[in-house]
Amino acid sequence: MEKIDNLDRKILEIIMSNARIASKDIAAVCGVSRAAIHQRIQRLADLGVIVGSGYKVNPKMLGYSTCTFIGVNLERGAMYRNVVPELQKIPEIVDCHFTTGPYSILVKVFARDNEHLMDLLNNKIQNIVGVTGTETLISLDNSIHRELPVNEPRS
């Protein structure tokens with residue numbers, strides 16, 4: 001992997017805290033030209049350091065007041081490849097991880113309320129072929145939400 005330097009890290013810090021900041025403002029903070037900022041951001045995207053862009057939407061403002069993590073148990077771990085495409089059909093699932101530990105899969109789900117959550121569990125997730133059980137953990141508060149720091153990883 002191509003190495004990222006201190007200027008790349010500074011650019012990442014800035015855009016991670018405000019994705020809508022103008023390139024000219026990033027250039028001013030970093031002491032380089034706007035063209036250099038554009039080139040660096042494009043290079044970081046091409047390298048896969050920057051993945052995606054957009055706005056974060058508050059699910060509660062869209063009527064999804066219940067955030068849950070659901071541990072999904074599978075008949076066999078190898079069924080993961082068949083189960084994930086079925087989970088992708090459920091728009092309320094926003095994250096899906098193949099995990100070690102007590103669950104084969106851990107998903108993050110937003111539901112309008114407990115009744116909607118029960119419907120998602122009973123009529124959608126638990127009806128997927130290969131799913132043998134679920135355990136639901138309701139999030140009461142998201143106390144920490146941040147991106148990883150961009151400083152040099154420690155060995």
Side-chain angles (χ1 to χ4, degrees), residues 1-5 8-21 23 26 37-155:
M1 182 177 118
E2 202 171 317
K3 202 124 165 91
I4 61 172
D5 63 19
D8 293 329
R9 291 179 194 289
K10 183 66 179 168
I11 293 167
L12 288 169
E13 280 180 20
I14 294 167
I15 64 176
M16 284 169 53
S17 66
N18 180 4
R20 299 191 320 178
I21 190 169
S23 295
I26 300 170
I37 296 300
H38 281 289
Q39 290 170 350
R40 290 289 184 125
I41 289 174
Q42 185 59 54
R43 184 176 140 274
L44 291 167
D46 292 343
L47 289 172
V49 176
I50 297 173
V51 290
S53 63
Y55 299 104
K56 293 180 182 173
V57 176
N58 181 347
K60 288 182 181 178
M61 299 307 290
L62 298 177
Y64 293 90
S65 61
T66 303
C67 174
T68 25
F69 295 90
I70 301 172
V72 179
N73 294 312
L74 302 179
E75 229 172 273
R76 293 183 322 280
M79 297 186 88
Y80 174 77
R81 285 178 178 67
N82 300 330
V83 171
V84 169
E86 296 304 313
L87 292 171
Q88 284 178 320
K89 294 176 185 175
I90 304 169
E92 294 88 350
I93 295 177
V94 297
D95 254 332
C96 178
H97 300 268
F98 188 40
T99 62
T100 61
Y103 315 114
S104 303
I105 298 173
L106 186 66
V107 294
K108 182 178 181 181
V109 177
F110 284 98
R112 290 184 300 276
D113 50 33
N114 287 348
E115 187 177 337
H116 182 212
L117 175 61
M118 189 169 72
D119 179 61
L120 291 169
L121 284 164
N122 294 341
N123 299 319
K124 296 197 177 167
I125 297 170
Q126 293 172 350
N127 280 335
I128 297 172
V129 174
V131 172
T132 58
T134 60
E135 184 171 346
T136 304
L137 306 162
I138 294 177
S139 172
L140 300 175
D141 184 38
N142 182 357
S143 305
I144 299 173
H145 182 78
R146 61 180 167 213
E147 299 293 328
L148 282 172
V150 295
N151 36 348
E152 198 71 40
R154 298 178 189 178
S155 345

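- Among residues two or more places apart in sequence or in another chain, the side-chain hydrogen bond (donor to acceptor under 3.5 Å, both in side chains) test is passed with N123 by D119.
- Contacts of E13 classified as side-chain hydrogen bond (donor to acceptor under 3.5 Å, both in side chains), with partners at least two apart in sequence or in another chain: none.
- Closest heavy-atom contact between I128 and I90: CD1-CD1, 4.5 Å.
- Residues that satisfy the side chain to side chain contact (heavy atoms under 4.5 Å, CB included) test with S139, not counting sequence neighbours, are C67, F69.
- The ring pair (Phe, Tyr, Trp, His ring centres under 6.0 Å) test applied to F98 returns Y80, not counting sequence neighbours.
- Within the structure, the ring-ring contact (aromatic ring centres under 6.0 Å, His included) test picks out no pair touching residues 101-138 (sequence neighbours left out).
- Scored by the side chain to side chain contact (heavy atoms under 4.5 Å, CB included) test, M16 finds L12, E147, V150 as partners (sequence neighbours excluded).
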Solution key, residues 39-49 side-chain donor-acceptor pairs under 3.5 Å, sequence neighbours excluded:
residue, atom, partner, partner atom, Å
R40, NH1, D5, OD1, 2.8
R40, NH1, D5, OD2, 2.9
R40, NH1, D8, OD1, 2.8
R40, NH2, D5, OD2, 3.3
Q42, NE2, D46, OD1, 2.8
R43, NE, E2, OE2, 3.1
R43, NH1, D8, OD1, 3.3
R43, NH1, D8, OD2, 3.1
R43, NH2, K3, O, 3.1
R43, NH2, D8, OD2, 3.4

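- Judged as a side-chain hydrogen bond (donor to acceptor under 3.5 Å, both in side chains), and not counting sequence neighbours, the contacts of S143 are D141.
- Screening residues 58-73 for side-chain hydrogen bond (donor to acceptor under 3.5 Å, both in side chains) gives no qualifying pairs among residues at least two apart or on separate chains.
- Atom CG of residue L106 and atom OG1 of residue T99 lie 6.0 Å apart, to the nearest 0.5 angstrom.
- Applying the side chain to side chain contact (heavy atoms under 4.5 Å, CB included) rule to N18 yields the partners R20, I21; only residues at least two apart in sequence or on another chain are considered.
- From T132, atom OG1 reaches atom CE of M79 across 9.5 Å, with rounding to the nearest 0.5 Å.
- With sequence neighbours excluded, the residues that form a side chain to side chain contact (heavy atoms under 4.5 Å, CB included) with T134 are I70, V72, L121, I125, Q126, V131.
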(message) Before you tell me yes or no, could you show the steps for N82 and V129 under side-chain contact (heavy atoms from CB on, under 4.5 Å), namely the whole-Å CA-CA distance, both residues' side-chain angles and the distance that decides it to 0.1 Å?
(response) CA-CA 8 Å; N82 300 330; V129 174; over 6 Å; no

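- C96 approaches V84 most closely through the heavy-atom pair SG-CG2, 4.2 Å.
- Screening residues 78-104 for salt bridge (Lys or Arg N to Asp or Glu O under 4.0 Å), with sequence neighbours left out, gives E86-K89.
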